[in-house]
Each structure stands twice: as C-alpha cells, then as structure tokens.
Amino acid sequence: MEQRIRVLVAKPGLDGHDRGALVVAQALRDEGMEVVYTGLRQTPAQIAAAAIQEDVDCVGLSCLSGAHNELFPEVVRLLREQGADDILVVGGGVIPQEDIPYLKEHGVAEVFTPGTPTSVTADFIRAHVKRKQLTFQKAPKKIAHIGIAVKNLDKALPFYTEQLGLNLLGTEAVESEQVRVAFLGVGESRIELLEPMSADSPIAKFIDKRGEGIHHIAFDVENVAERLHHLQANGIPLINEVPKPGAHGAQIAFIHPKAAGGVLFELCEYPDTSAGKEEGNDE
Amino acid sequence: MTTKDCTELYRKWQQELNERLAKSPERKQQFATSSAIEIDPLYVPDQIDDAYMENVGFPGEYPYTRGVQPNMYRGRLWTMRQYAGFGSAEETNKRFRYLLEQGQTGLSVAFDLPTQIGYDSDDPMATGEVGKVGVAIDSLEDMEVLLNGIPLDKVSTSMTINAPASVLLAMYIVVGEKQGVPAEKLSGTIQNDILKEYIARGTYIFPPQPSMRLITDIFAYCAENVPKWNTISISGYHIREAGSTAVQEVAFTIADGIAYVEAALQAGLDIDRFAPQLSFFFNGHNHFFEEIAKFRAARRMWARLMKERYGAKNPKSWQFRVHTQTGGSTLTAQQPDNNIVRVTLQALAAVLGGTQSLHTNSRDEALALPTEESARIALRTQQIIAFESGVTDTVDPLAGSYFVEYLTDQIEAKALSYLEKIEQMGGAVAAVEAGYMQREIHKQAYETQRKIESGEEKVVGMNCFQLENEPQPELLRVDPELGRKQKERLDALRAKRNQQSVEQTLNQLREAAQGKDNLMPYIIECVRHYATIGEVCGVLRSVFGEYRAV
C-alpha cells in the first residue's frame, strides 16, 4: 500500500494560540495523514530536529504572534542545512497578505490564512510533498502487453505468427483511439500490434515522428486509480489523470513518456473474470 | 407549593436606592425615551414572590442575577478599557495617552510574549517575538517609561499578565511610589489566572503547585497592602477563544475560581479578606441571547457558591464582577469592515449582560494588531452603545423575558453538571493536569470547524457572501528593529545599575522561594533595584522548575 503522508504540526516561538494548529492536525489525520504535534514554544532548531527525527514529509508551522517572518524562514534554513530540503514547509496563522511573498521567497511553499478550509490545506500537502517519501510499495502483477506500432497490420502479422510462432488471439478496432489492434499471446503476456485507422490517430503521429517500432509497455496492475493518485501526488506527468476504458473491459491510463526517458507506459486494470479468461486462451 | 408575597422587599430595595441616590446622583436627572416616556431604574413582575427573589432578585443584591450594582449604568457606565500595547514602552505610552484623550476611562496593558513568559528581550527564546503582541518590558525602567505622565491614583490599569504577574505588579507598585501614589491608592487588575493558561492560553512558566502559591501570595499581600487591586481576573475569555461553548466557558471559569478559593483557604486566608478582590473575564460572543444569559447565570452561580458553600459574609465576596472582551476568534480576515458590526452586537450583549468593563476588538485583528484608526472605531462602538442606544437607561432590561430567563436557567444547570464532573476528578487543578478541559475544548473547536467548512454554520464574507479581489487594508507594522533596540536598552541598563544589590535581592528571593515566606516583598525589592523580569523569573524557574504540557 501507499505510505501515509507524515506531517509535523509545529508551534514556533512563544505564541500560545494552538486552536488552529490542533484543528488542522486533527483535520489532516482525518484526511488519512499521520500527524505529530510538537506542542507549544518550540525553537526553529527543535522543530527542524523533530522533523528529521520523525522522518516527516511536511512541516506545518502555526504562528499568531507576528513573529512568522523571523521564525518560518529559520526553520526552512535549518532543514536545508541538515540536508532535509525535500521536506515541504507550509505555514498558517495571523499573517498579513503582504508578508506572504517574503515567506515564499524563503522557502515556505504556501501560507494558509484565517478562513482557509482544512481540505484546501490537505489537498495542497498531498499535491506537493516530495516523492522520495512516497514509494509505491507494490510491483505491477506482470507485463500485460508490449504495444508495437505498425503501418499495416495485415502485412506485419505473418512475421509474428509464421516466423515467431505466436498465437493470434484476435483483432479489435478501438474507435476512440482510431486504432486497430491485433493481440498475440506469449506466455502470460501479449504483443499488441497497433495500426492507425486515420491520420489523427496517436499511432499515426507516432509513426510519422519516430517510424514503426515499440510504442509502449503496459503493466497489469491492481488499481489504476490509486496509482494515478499516487503518481499525481508525486508530481509525475500523466497523459490520463483518470482511468479510461480500454480493450477487454480494462481500465487504462498512460503515463507521460517524459517521466520515463521517452518510454511510454500504460497501466491496465482488468476485471477479474475477463483477465482470467484471456490468460486461459493463451494456453 | 406556596408562594410568598415579597413586594415588601421591593419597597425596601427602592428606599435603599433612593438613599444612595441622595448621596451619589445618577448620570442624568431623568431618563426618558424620545416620546418622553419616563424610564425607571428597574422593572419588576407584577407579583414579586419568593421564587423570583431566589432566582432573579434585585440588582445589587444577592444572587445578583440582575447585576452587581443597584442602578447599574444609570449611575456609572462600564469602564471602556481597550487592551493595547505594542513595540516599545515609549510607543505604547503614546497610544495610552491617545486613548485617554479620546475618552477611554481605564488602561489595559498588552505585554509581548517574552514578558508574559518571563524572558528578557535578549534571551534566545525571545527571537522574533520582542514587542510583537504587546509592549516589551524588561525592567522597572521600561515600566517607568510606559506609565510616564499617567496619574496612577486616577487611572485604573489592567495588566494581562499571568505567570509573572507578581513581577509586573511589583513594578507597578514601585512606579506608583515614585509618582508619590501609595500602594493603597492604586487600582487595577492583574490577570494572574494560571489555570486557564494551562487550559487554553499557553503562557505558563511554572508547574501548577508553585504557580498557585505565587497567586495566593499575591492575594495575601494585596489584601494587606493594595486593597483596591483586583488580584486575579479569572478568565473564561481564552477558554472560549480556544473553542469552548458558552456553557463550558461558564463552567470552567467557575471551576478555576473554586480552585483559587480553595488554594487561598488552604493558605490560611479568610474568605472575606480575599474574595472581594477576585474578578472575572468573559468573552462577548455571537449568540446574542445566550451571551446575555451567560452573564446572568454566572453571577447567580458565583453568589450562591460563595455564600452557601464557602460561607462568605461580605456581600462583596458574593459579587461576580466581570470584564468582557468581544470574541477575537469570531473576526474574519475577509471583508474586515464587517467585523465592526460583529463587535457591535457582541458588545451590546455584554452590556445587556451587565459587564463592569469592556474591550471591543478592532476590525483588523484577524490580520494584525489594530491601527490607530481601527482602535478608535472600536472605542466609538462602545461610546455609541453607551450614549446613543438607550440600553443603559434601565437595569437588566431583558429580565423576565421567557427566553432569556430560560437560557439563564439552562446555562446554570448545564454548567453545574460540568462542575460536578470536575469535582469528581478532584477539582480544576487535577482536571487540568489530566488534560480534561483541554480535550473538551478541542473537541468543540473541531466540531465548529467542521460546521463552518460544511456550511452548516454560516460566517458572512468567509463561507458565504464572499467577495472576489478584496482590497487589502492598511495594517500596523511593529518596528522590526525593536528587538535590537530593546537589547541595547537592556545592555545599557545592566551596565549602569548597581549589580551588587541586584544579586543580593535575587539571592534573597531564591532563599524565600525555597521556604514559605510571601514572595511579594522580595520581588518588589528585586525590581526596585532594576533586576530584569528574566532574572527574577530565572531565579523562580531554578527553584520551581518549568511546566511541560501534557
């Protein structure tokens, strides 16, 4: 499973108003994060040390005394000095608008002023915590297929069936992508040959640009939506931010090739029954 | 059940009022509406029976439901006391003089956080905080500047100071001496309520037991030497700000009050010696009628407690005298001018509830400390209520309203059930140490936040009726150089004072703190010789230790 985001909610300086800090801490817990609260009267050095010790992804600083310009940047500086610059630092409290640019220049990612709904704070943290802390714990089940772009399916097929001895499982036209697909079984995976049906097809564009050849690699995964959420939270560029229907009743989504040195990856989630049936067909 | 006719008691009350008015007349010869309808000091039911006398009664009399003075604001208006202070003693002195010129009738000093937590301005813990939320006071020298030109025999001063309350009171007493005003003529208030610091406000220093000793030392010292001083302001304000309900505000404040009374009794003080100097501090919040009822219920509860449970004989011991501040946490950063209207309603509720003094918040306090203009509007708000609205023309005008009397009874009943729970836990000190009140308040704060975010609770301009592209108001900036300047002042002071006498008085304080003597005289000697607040509190820290929150 995905690791939970860890947040340190901290009260730097001498300010004793912790209603806001406590409410935000509980709201972030309710949003599924793990939250540690420092208690009152922490020096920037104590906060930085606690953040590193607790291995958090985010530090939320709360100050209502007007000392934010001195205290928040100092926490950022100390984190950087100790090599923890991957920890996201956000702040809140009674902070005049005109101070916010200064705080942002000094490494505070966002400042939440009175009246901010806690969900806004939670969403911001989810979208901006650094990926290091968020490794996805589970590998894909297998390679579902390798997609190969061809100009002409009928011309390309005999090589795979006659020379390599692959079993043609069927062909299917996917109107939405303007592509005709041939499925060839190989062990638990498949080769998919993709032929553009029109000049608008993404496959046609691929062939124009890079010629025929390997187009994408698809992984069979358990939960596409969860992975997209995770990738998005870590700032991985996506072609599809939400799953869409693909061939064989699968839910699919593509990761942008610039995330993987030019390789296009597809995530596929098959309904249990059809995946089993299809694998049976390979035998 | 038989009811007894008590009309005779009303005649007696009227007669006493008339005798009193012969000596000190009211603000006007006659109070009347625009239609020349004459307004009496008090309106009562047609049938005055014993049930009425027991629960409501007449103002200025037990159980004080209708107010602590017989004619309330007809005699004298509440004290308009705006909490102020920022930056240096010099700047704050200027703001004080400005407010007094504008018709304010009492001072209320806001100290910066290092002062409130007993650190000098050059302490590393004070970084960034010097002069931010109030004035920085390091030594008697700063206090002399702060009160320069302000006649301490005429102006009463409230000081929001808790853990180091003895130190600031000691400085005030010495400044008074230097002005030629003896301690027995000084009047004012120190907040000195440490329990609510653990519960809700956070500016504690020492653990509960030595803190309670410092407080009872003040009670004893002032009963003897500073009789006009309110030695404590038992505060529900911050409990409410931290998120409590009105009932919790009443219950936890009174629970704290009981703890102070018990501590003083245990220290061997006589109830009627110290109880008349106890005062209270409430929040003026949004629900108009509940707020009015809250004051009435609290007065009745305190009077019954003091008379029945503690056997106090002096009527002054029974009186719940209260300062009110409008609710800071109700202010919005969005469309800040709307806050003027919120403050007006909250202040009106406090006045209808019978407050003795009032601070009205400024419109820009969700953004920063108030500008001079904002502080003036806040004071004008009180003046408009006092001089234009007519609500001051008769005492407790909402008494007898079915709704207000019902709310008063309900608040009392619900607060009593909290008090029972706290008693079972061993009293307020034990409940605080167990984190009970803190948890109850936090639960409520979170609930409120959820309701605001879901839109169930509407906050105009914030979760409904919003404006896009709000203009940014002008805000007060505290001089960023102040921390450095204050350190320089402190260096200069340390160089010129008599170091030997400072050390001597600090050592005497240390020995006294280890023993049982009243610490007030020792602290007065320390500050007289210009020992700093950090030095005095440092000595006490070394003897008492420091509190760590649960």
Side-chain angles (χ1 to χ4, degrees), chain A residues 11-31 37-46 61-75 78 92-102 111-122, chain B residues 86 112-114 116-117 119 124-134 197 200-204 238 241-243 328-329 331-334 364-369 438 441-443 445-450 452-454 459 461-463 466 470 472-473 475-478 480 483 548-550:
Chain A
K11 288 286 299 175
L14 302 179
D15 175 34
H17 297 91
D18 62 355
R19 176 179 180 169
L22 289 169
V23 163
V24 168
Q26 185 166 348
L28 296 180
R29 276 185 203 115
D30 286 357
E31 294 267 359
Y37 173 52
T38 59
L40 300 179
R41 281 190 227 167
Q42 302 293 304
T43 61
Q46 287 172 319
L61 300 169
S62 163
C63 180
L64 283 74
S65 73
H68 48 270
N69 279 354
E70 284 86 352
L71 298 171
F72 290 7
E74 182 63 7
V75 172
L78 289 166
V94 176
I95 296 174
Q97 284 297 325
E98 62 192 67
D99 288 355
I100 293 175
Y102 173 84
V111 176
F112 304 101
T113 51
T116 309
T118 51
S119 57
V120 169
T121 308
Chain B
F86 56 92
D112 72 356
L113 286 166
Q116 292 190 52
I117 305 175
Y119 292 118
M125 286 301 288
T127 306
E129 305 278 15
V130 175
K132 285 282 161 58
V133 302
E197 295 295 333
R201 189 168 175 272
T203 67
Y204 41 73
H238 315 89
E241 284 298 288
S329 63
L331 302 178
T332 61
Q334 298 77 17
D364 46 3
E365 288 186 71
L367 301 160
L369 288 186
Q438 296 92 311
I441 294 166
H442 171 63
K443 246 192 277 175
Y446 193 60
E447 177 69 20
T448 303
Q449 180 70 18
R450 289 269 80 105
I452 291 173
E453 293 195 10
S454 71
V459 184
M462 200 254 269
N463 69 0
Q466 291 116 318
E470 283 196 44
Q472 291 303 317
L475 299 176
L476 180 102
R477 305 294 305 186
V478 175
R548 295 266 170 259
V550 279

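Numbers restart at 1 for each chain; the letters A, B, ... are given by sequence-line order, proteins then strands. Computation of the quantities below employed the complete heavy-atom set of this structure, encompassing side-chain atoms and omitting hydrogens, waters and symmetry-equivalent molecules.
For chain A, the nearby part of B:Leu367 is the backbone; its heavy atoms alone come within less than 4.5 Å. In this structure, no portion of B:Pro124 lies under 4.5 Å from any heavy atom of chain A. Interface remark: B:Glu241 contributes backbone atoms only to the contact with chain A (heavy atom separation under 4.5 Å). The contact between A:Leu71 and chain B is made entirely by side chain atoms (from C-beta outward), counting heavy-atom distances below 4.5 Å. If you measure heavy-atom distances from B:Glu129 to chain A, the contacts under 4.5 Å come from both the backbone and the side chain. For B:Met462, the part lying under 4.5 angstrom from a heavy atom of chain A is the side chain only. A:Glu74 does not touch chain B: none of its heavy atoms, backbone or side chain, sits under 4.5 Å away. Both the backbone and the side chain of B:Tyr204 have a heavy atom closer than 4.5 Å to some heavy atom of chain A.
B:Thr448 is listed as a side-chain neighbour of A:Arg19, based on a closest heavy-atom distance under 4.5 Å. Side-chain contact between B:Arg477 and A:Pro96 is present, with at least one heavy-atom pair separated by less than 4.5 Å.
Comparing A:Asp30, A:Asp18, A:Thr113 by heavy-atom pairs within less than 4.5 Å of chain B, the highest count is held by A:Asp30. Chain B forms more heavy-atom pairs under 4.5 Å with one residue of A:Gln26, A:Glu98, A:Lys11 than with any other, namely A:Gln26. The candidate with the highest count of non-hydrogen atom pairs below 4.5 Å against chain A, out of B:Gly134, B:Ala242, B:Gly483, B:Pro114, is B:Ala242.
When every heavy atom of B:His442 is checked against every heavy atom of A:Val23, the shortest pair comes out as CE1-N, 4.0 Å. Shortest non-hydrogen contact noted between B:Lys132 and A:Ser65 is CB-O, 3.1 Å. The minimum heavy-atom distance linking B:Gly128 with A:Ala67 is given by the pair O-CB, 3.0 Å. Among all heavy-atom pairs drawn from A:Val94 and B:Ala366, the shortest one is CG1-O, 3.4 Å. Shortest non-hydrogen contact noted between A:Pro114 and B:Gln334 is O-NE2, 2.9 Å. The two atoms that bring A:Arg41 and B:Gly202 nearest to each other are NH2-O, 2.9 Å, heavy atoms only.
Here B:Arg201 contributes atom CZ and A:Asp15 contributes atom CG; the two are 10.0 Å apart, rounded to the nearest 0.5 Å.
With A:Leu14 as the partner, the side-chain contact (heavy atoms from CB on, under 4.5 Å) test is satisfied by one option alone out of B:Ile117, B:Asp112, B:Thr203, B:Val133: B:Ile117.
Counting only N and O atoms by type, the side chains of B:Glu453 and A:Thr118 include a donor and acceptor under 3.5 Å apart.
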